[in-house]
Amino acid sequence: MTILARCNGTVLVEDGPQVGVTEQGGGWLGTAIFIAAIAATIFIGGGGVLAMTVAVMAGVPIFIVGLGALATTVLLVRAHRASKTKALPAPWLVFDRATRVVRDRAGAVLCSFDECRVERVFQVASSSRALAVYCPRKIIVARGTPFGDDVDPMKSALEHVLRPHAPTS
C-alpha cells in the first residue's frame with residue numbers, strides 16, 4: 001500500500017486500482033503536544049523568574065512542574081512519531097477506480113463516482129475544517145486541527161481519484 005495523504009491519524013492509501021481511507025490513530029497528539037509545550041514554557045519560565053527574583057522556595061516547585069510538562073512533551077512527540085510507523089488497518093471507505101464506485105468496509109456499494117463529491121465542511125468548536133465525502137449521505141473522512149494537519153492535501157488527492165481520467169493502475 002502506498003500512502004497518498006495524511007491528516008491527523010487518517011490515512012489515504014492506494015492499493016492498485018483501489019484507494020482507501022483508514023485510521024492510523026494518534027490524531028489528538030498534535031493538540032496534546034501543543035498544550036504540553038505551552039505548559040512547559042509557562043511553568044519553567046515563570047518558576048525560573050520567580051526563583052531568581054522573589055523567593056527560591058516559591059519558584060522551585062513551579063519550575064519542577066514545568067520540567068514535568070517538558071518531559072510529557074518529549075514523550076508525546078515520541079508517541080506521535082511512533083504512531084506514523086504503525087501498521088495500517090483495512091480501509092473503512094474504498095474508492096474503487098476499476099469499477100468507479102465507492103464501497104464501505106464490507107464491500108457494499110455506496111455510490112458511483114459520478115454521484116460522489118468531496119468538500120471541506122465546518123466543524124463545531126474548531127477553527128479548522130473537516131473533510132466530508134457526500135455519496136449521497138455525508139461521511140466525515142478526516143478532521144483538521146489548528147495544531148496538526150490540514151485537510152487540503154487529502155481533499156486534493158481524493159478529487160484526483162474521482163476524476164474520470166484518473167489512472168486505474
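As the structure is a prediction and not an experimental result, all values here were calculated from the model. Numbers here are sequence positions counted from 1.
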Please determine whether residues [X] and [Y] belong to a single hydrophobic cluster, defined as Ile, Leu, Val, Met, Phe, Trp and Tyr linked transitively by side-chain heavy-atom distances below 4.5 Å.
X: Val133; Y: Val101; result: no
X: Val94; Y: Leu4; result: no
X: Phe113; Y: Val21; result: yes

Is there a side-chain contact between [X] and [Y] in this structure, where contact means two heavy atoms from C-beta onward sitting under 4.5 Å apart?
X: Leu70; Y: Ile44; value: yes
X: Val141; Y: Leu93; value: yes
X: Cys7; Y: Met154; value: yes

Once you round to the nearest 0.5 Å, how far does [atom1] of [X] lie from [atom2] of [Y]?
X: His80; Y: Ile33; atom1: NE2; atom2: CD1; result: 5.5 Å
X: Asn8; Y: Phe147; atom1: CG; atom2: CZ; result: 11.5 Å
X: Arg6; Y: Leu12; atom1: CZ; atom2: CG; result: 11.0 Å
X: Asp104; Y: Cys135; atom1: CG; atom2: SG; result: 9.5 Å
X: Phe95; Y: Cys111; atom1: CZ; atom2: SG; result: 8.0 Å

Without swapping roles, check the side chain of [X] against the backbone of [Y] for a donor-acceptor pair under 3.5 Å.
X: Arg81; Y: Leu76; result: no
X: Thr22; Y: Pro89; result: yes
X: Gln18; Y: Asp15; result: no
X: Thr73; Y: Ala37; result: yes

Residues, nucleotides or ligands: over 12 heavy atoms within 6.0 Å of Phe43 CZ: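 Atom CZ in Phe43 is not crowded, with 12 or fewer foreign heavy atoms closer than 6.0 Å.
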
| Enclosure of Arg103 CZ (heavy-atom neighbours >12, cutoff 6.0 Å) |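 Yes, because the 6.0 Å sphere around CZ of Arg103 holds more than 12 heavy atoms from other groups.
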
| Charged N to carboxylate O below 4.0 Å: is that the case for Asp150 and Arg129? |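 So Asp150 does not pair with Arg129 through a salt bridge.
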
task: State plainly whether the residues Glu159 and Arg163 are in salt-bridge range, i.e. N to O under 4.0 Å.
output: no

Subject >> With Glu14, the side chain to side chain contact (heavy atoms under 4.5 Å, CB included) member among Val19, Val161, Ile3 >> reply: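 Exactly one pass, corresponding to Val19.
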
